[in-house]
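Since the structure comes first, as structure tokens, the remarks are kept for the end.
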2 protein chains.
Amino acid sequence: MPIYQKIKEALEASIADGVYPIGERLPPEITLAKQFKVSRETIRSAIKLLEQESKVFVRHGVGTFVVNPLPSLPNSLENLMSVTSMLMHAGLEDGERREKLHKEVPTDEWKELLQLKPNEDVIVHERIRTANNEPVVFSKNVLSSKLVGEHILNKKKIGSLFQYLKEVHQIEIDKASTEIIVPLHTDPNCQKLLIHPATTVLLLKQIHYDLHNKPVLFSLDYFRNDIFKFFISRIRS
Amino acid sequence: MPIYQKIKEALEASIADGVYPIGERLPPEITLAKQFKVSRETIRSAIKLLEQESKVFVRHGVGTFVVNPLPSLPNSLENLMSVTSMLMHAGLEDGERREKLHKEVPTDEWKELLQLKPNEDVIVHERIRTANNEPVVFSKNVLSSKLVGEHILNKKKIGSLFQYLKEVHQIEIDKASTEIIVPLHTDPNCQKLLIHPATTVLLLKQIHYDLHNKPVLFSLDYFRNDIFKFFISRIRS
DNA sequence: CAGTGGTCTAGACCACCGC
DNA sequence: CGGTGGTCTAGACCACTGC
């Protein structure tokens, strides 16, 4: 682990221990550099990390100040994870009921979003995830059939698509552009989850990209909002 | 503007002009340093900015590569802005109908979230925002009355609460922790917006913080999802 | 092995802030 | 004005990757 990482954690620990109380100023960078016996730039790298995590607040010409710790948000939405991972994080066993898995001619929307070539077909995969035999998520996934081949059509159970793409095709999903939607109750996909009167459903419409920002996977994920909670940290730009 | 910022923009322009095509490698850092007649660290600062915006993809020991540009998301949720700003961005005139503005004894939830002292009262402000005389947003705001004083109770129209807090109290709202919720149709606040059959409502339950992460404002904002769209960029951590 | 990015240094000068 | 953080340099060595 690089030195600036260690210093960052040391400073974090000092803050937690009350050596530098909330609202107080940290020692100036030069002083810290002498204390840790490193150059000033190394200290600055450590402080930059703390600043990004909003643990300190830096004011040019004044100093670096310890701020109030923010409450930790569980499962923040800006952290991309597969539905399978979300189920595990929520402590739910992952039952799976397949509804559809076949090749299709893509819609115009899919063509555009997945940057498909003319005459390129797609694989469409729909399934319901269950916990205690109750449906909790409905997912529709769309992939280029050229990308994943048609071998996938013979698979009995796929599990995490993210993991499948990584292990079988060395495609690493890294980012997603997501629209957050409240579906109508008349949406047939939504209705699959509306079992209890106190249930509401949130829809994530997502395009997933690999490390090179190539669009790989289009998905519609319907989540029961009485089971899953969604958080996000927002910052003024 | 610092040099590394200029270099970042110069590289961005070169990428846009096709000097460095998508998928290709940028020249090594040392080469760029010579080209721009700066030190290598300055080049690295520029590249770090490009990497954060996911314009390039850096691989240790290999090189820095230009990636596919991501589609720009309008109004990404991770950018915090006031409801007033959201209305303006959506091209809507901001009509305002006050429903409530008075002092109250806080609930236990508000006490905890706003870190109130015992016996500290709160100001509760509820209003409906309209566009073309139709309701589009319902907001409930809760603030410590000690923080903003009771002078606010005499205000006829408040407009942007963010702006009010900044101008009157020099309190700059900088971050928020937000829960994204699909409310039940039976929620009375939700019902104020359910006018058309094709309308759905999204609720943002937010705690707003100032620069020192002090909780300043608790709010419930109900948005008509047929009027507002919500996006977010997600990254694998 | 050669070439690349990742870290670190010691020192310099500048920009900003409060007194 | 003195003290702080912001930028920049020239050079060094290390860690990773592909040949």
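Treat the numbers as computed from the prediction; the structure is a model and nothing was measured. Chain identifiers are assigned alphabetically (A, B, ...) following the order of the sequence lines, protein sequences preceding nucleic acid strands; residue numbering begins at 1 within each chain.
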Is there a side-chain contact between B:T42 and the phosphate of D:dT9, meaning an N or O under 4.0 Å from OP1 or OP2? yes
In whole angstrom, what separates B:F57's CZ from D:dC16's P? 16 Å
Base, sugar-phosphate, or nothing: which does B:I47 touch, judged by heavy atoms less than 4.0 Å apart? nothing
Could you tell me how far apart B:R44 (CZ) and D:dG11 (P) are, to the nearest whole angstrom? 18 Å
From the candidates C:dC8, D:dT4, C:dG5, the one with an atom nearest any side-chain atom of A:P28 is D:dT4
Nearest to the B:R59 side chain among D:dG6, D:dT17, D:dT9, which nucleotide is it? D:dT17
To the nearest Å, how far apart are A:R25 CZ and C:dC17 C1'? 12 Å
Below 4.0 Å: OP1/OP2 of C:dC8 and any side-chain N or O of A:Y4: no
So A:I30, base contact, sugar-phosphate only, or nothing? Heavy-atom distance under 4.0 Å. nothing
Given C:dC8, D:dT4, C:dG6, which nucleotide is nearest the side-chain atoms of B:E29? C:dG6
To the nearest angstrom, the NZ-C1' distance between A:K48 and D:dG6 comes to 9 Å
Basic-acidic side-chain contact under 4.0 Å: A:E53, A:K8: yes
Do B:K6 and B:F36 touch side chain to side chain, with heavy atoms closer than 4.5 Å? no
What is the separation between atom CG on A:L49 and atom P on C:dG6, rounded to the nearest whole Å? 14 Å
Expressed as a whole number of angstroms, how long is the span from B:E41:CD to D:dC8:C1'? 9 Å
Which comes earlier along DNA chain C counting from the 5' end, the contact point of A:P2 or that of A:G61, where each point is its nearest nucleotide? A:P2
Can you check the A:E51 CD to D:dG5 P distance for me, whole Å? 11 Å
Among the nucleotides C:dT9, D:dC8, C:dG5, which one has an atom lying closest to any side-chain atom of B:S39? D:dC8
Selected nucleotide, minimal atom distance to B:H60 side chain, candidates C:dG5, C:dT7, D:dG5: C:dG5
Examine B:F57 together with A:H212 and report whether their ring centres are nearer than 6.0 Å. yes
Does the ring centre of B:F218 sit less than 6.0 Å away from the ring centre of B:H208? no
d(CE, B:M1; C1', D:dC8) in whole Å: 17 Å
Given D:dT4, is OP1 or OP2 found less than 4.0 Å from the side-chain N or O atoms of A:T64? no
Between A:K146 and A:E150, does any side-chain N to carboxylate O distance fall below 4.0 Å? no
Report yes if a side-chain nitrogen or oxygen of B:R40 is closer than 4.0 Å to either non-bridging phosphate oxygen (OP1 or OP2) of D:dC8; otherwise report no. no
